[in-house]
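Values below: all heavy atoms of this structure, side chains included; hydrogens, waters and symmetry mates excluded.
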Amino acid sequence: MRDAYHEELDSIGEGLVEMGRQVGSAIGRATTAILDADLKLAESVIAGDEKVDDLQRELEARAIALLARQQPVATDLRIVVTSLRMSADLERSGDLAQHVAKLARLRFPDTAVPGDLHATILEMGQLAQRLMAKAAEVIITKDVDLALQLEQDDDAMDLLHRALFQHLMDDRWKHGIETAVDVTLLGRYYERFADHAVSVAKRVVYLVTGEHADEITPPTSVEGA
């Protein structure tokens, strides 16, 4: 019975990793869709979010069943409760990727992103995907040092987000209000996506150590090295 119990705990972790991989792929594909005005790709991201939602519901059901049947304590209880919270972060990340894809669909056959901001949005999309890949790796490895690096890595997203706003506020902005709103929303989607990746990593730190990530000194970031 205990072996089956721990196998079920492991399967919940595997489900979280799969969610992370799916939402990481989604934000990458949504970024391509928004930059290339690729309607077919946007539609596939939008439709694919249902799979992420299904995974989250399945993980929730498993976790709640474990709580009811096994009444875990100490570390095992922390694993189950933390997994529930991580699944919520990952589900919201999928929603944000879907938002990017929906904006691509809304503006088709035009693109929501003016040419002079393509590089910035591309960089934000690539960084979001890398952060989520690292969060998924943290779930697998339980590497606390790697988890703590994510918050520092997220500083790069914050810098890109600020640069985007500076561009919007520049007197030379010539793309109109509608495009300004689109770009503002995109910046927010990517920034929030990165925040959820960081949140997942922080929850792994708590799962492993019993301490909150903010109470631990992070190692030096190697993102982009």
Q: Would you indicate whether the side-chain heavy atoms of V204 and M86 approach each other to under 4.5 Å?
A: yes
Q: Would you say CD of E60 has more than 12 non-hydrogen atoms from neighbouring residues, nucleotides or ligands within 6.0 angstrom?
A: yes
Q: Take atom CD of Q56 as the centre, draw a 6.0 Å sphere, and report whether it contains more than 12 heavy atoms from other residues, nucleotides or ligands.
A: yes
Q: Cut-off 3.5 Å, no hydrogens considered: what does the side-chain donor-acceptor table look like for residues 12-24, sequence neighbours left out?
A:
unit_1, atom_1, unit_2, atom_2, d
E18, OE2, Q22, NE2, 3.0

Q: If hydrophobic clusters are built from ILVMFWY residues whose side chains come within less than 4.5 Å, do V144 and Y206 share one?
A: no
Q: State the CG-CG distance between L84 and L66, to the nearest 0.5 angstrom.
A: 9.5 Å
Q: What is the minimum heavy-atom distance between D89 and S199, and which atoms define it?
A: OD2-OG, 2.8 Å
Q: Would you compute the distance between atom CG of L168 and atom NE2 of H175 and round it to the nearest 0.5 angstrom?
A: 9.5 Å
Q: Nearest heavy-atom pair of V183 and P114: which atoms, and what distance?
A: CG2-CD, 4.0 Å
Q: Got a second to check how far L96's CG is from E91's CD, nearest 0.5 Å?
A: 9.5 Å
Q: Drop me the distance from L122's CG to L160's CG, to the nearest 0.5 angstrom.
A: 10.5 Å
Q: Looking at R85, I'd like to know if its CZ atom is crowded, meaning that more than 12 non-hydrogen atoms belonging to other residues, nucleotides or ligands lie closer than 6.0 Å.
A: no
Q: Answer yes or no: is there a side-chain heavy-atom contact under 4.5 Å between E137 and D143?
A: no
Q: For S44, enumerate each residue passing the side chain to side chain donor-acceptor pair (under 3.5 Å) test, keeping only those at least two apart in sequence or located in another chain.
A: R29
Q: Would you kindly confirm whether W173 and V113 end up in one hydrophobic cluster when ILVMFWY residues are joined by side chain heavy atoms under 4.5 Å apart?
A: yes
Q: What are the two closest heavy atoms between V45 and A30, and how far apart are they?
A: CG2-N, 3.9 Å
Q: Does any non-hydrogen side-chain atom of M132 lie less than 4.5 Å from one of L90?
A: yes
Q: Go through the structure and list residues passing ring pair (Phe, Tyr, Trp, His ring centres under 6.0 Å) with H118, not counting sequence neighbours.
A: none
Q: Tell me which pairs pass side-chain hydrogen bond (donor to acceptor under 3.5 Å, both in side chains) where either residue lies in residues 154-169, with sequence neighbours left out.
A: D116-H167
Q: Please tell me whether L103 and L39 are part of a single hydrophobic cluster in this structure, the criterion being side-chain heavy atoms less than 4.5 Å apart.
A: no
Q: Heavy-atom distance under 4.5 Å between the side chains of L164 and I121, does that happen here?
A: yes
Q: Which pairs count as side-chain hydrogen bond (donor to acceptor under 3.5 Å, both in side chains) when at least one residue sits in residues 45-54, sequence neighbours excluded?
A: E50-R57, D54-R57
Q: Donor-acceptor pair, distance only, cut-off 3.5 Å: does the side chain of S11 make one with the backbone of E8?
A: yes
Q: Is the closest side-chain heavy-atom distance between K202 and V198 below 4.5 Å?
A: yes
Q: A side-chain contact here means heavy atoms from C-beta on lying under 4.5 Å apart; do L186 and V100 qualify?
A: yes
Q: Is it true that D195 and R192 make a salt bridge, defined as a side-chain N closer than 4.0 Å to a carboxylate O?
A: yes
Q: Nearest 0.5 Å, what's the CD-OG distance between Q98 and S93?
A: 12.5 Å
Q: Do you know the tightest heavy-atom contact between Q129 and S25?
A: NE2-CA, 4.1 Å
Q: For A197 versus L150, what's the shortest heavy-atom pair and its separation?
A: O-CD2, 3.6 Å
Q: Linking I/L/V/M/F/W/Y whenever their side-chain heavy atoms sit closer than 4.5 Å, directly or via other members, would M124 and V181 fall into one cluster?
A: yes
Q: Which value, rounded to the nearest 0.5 Å, describes the distance between T82 atom OG1 and L207 atom CG?
A: 5.0 Å
Q: Report, one line per pair, each donor and acceptor closer than 3.5 Å where one atom sits in a side chain of residues 31-38; sequence neighbours left out.
A:
unit_1, atom_1, unit_2, atom_2, d
T31, OG1, I27, O, 2.7
T31, OG1, Y190, OH, 2.8
T32, OG1, G28, O, 3.3
D38, OD1, K40, N, 3.3
D38, OD1, L41, N, 2.9

Q: Hey, any chance L185 and F193 share a hydrophobic cluster, counting ILVMFWY side chains that come within less than 4.5 Å of each other, even indirectly?
A: yes
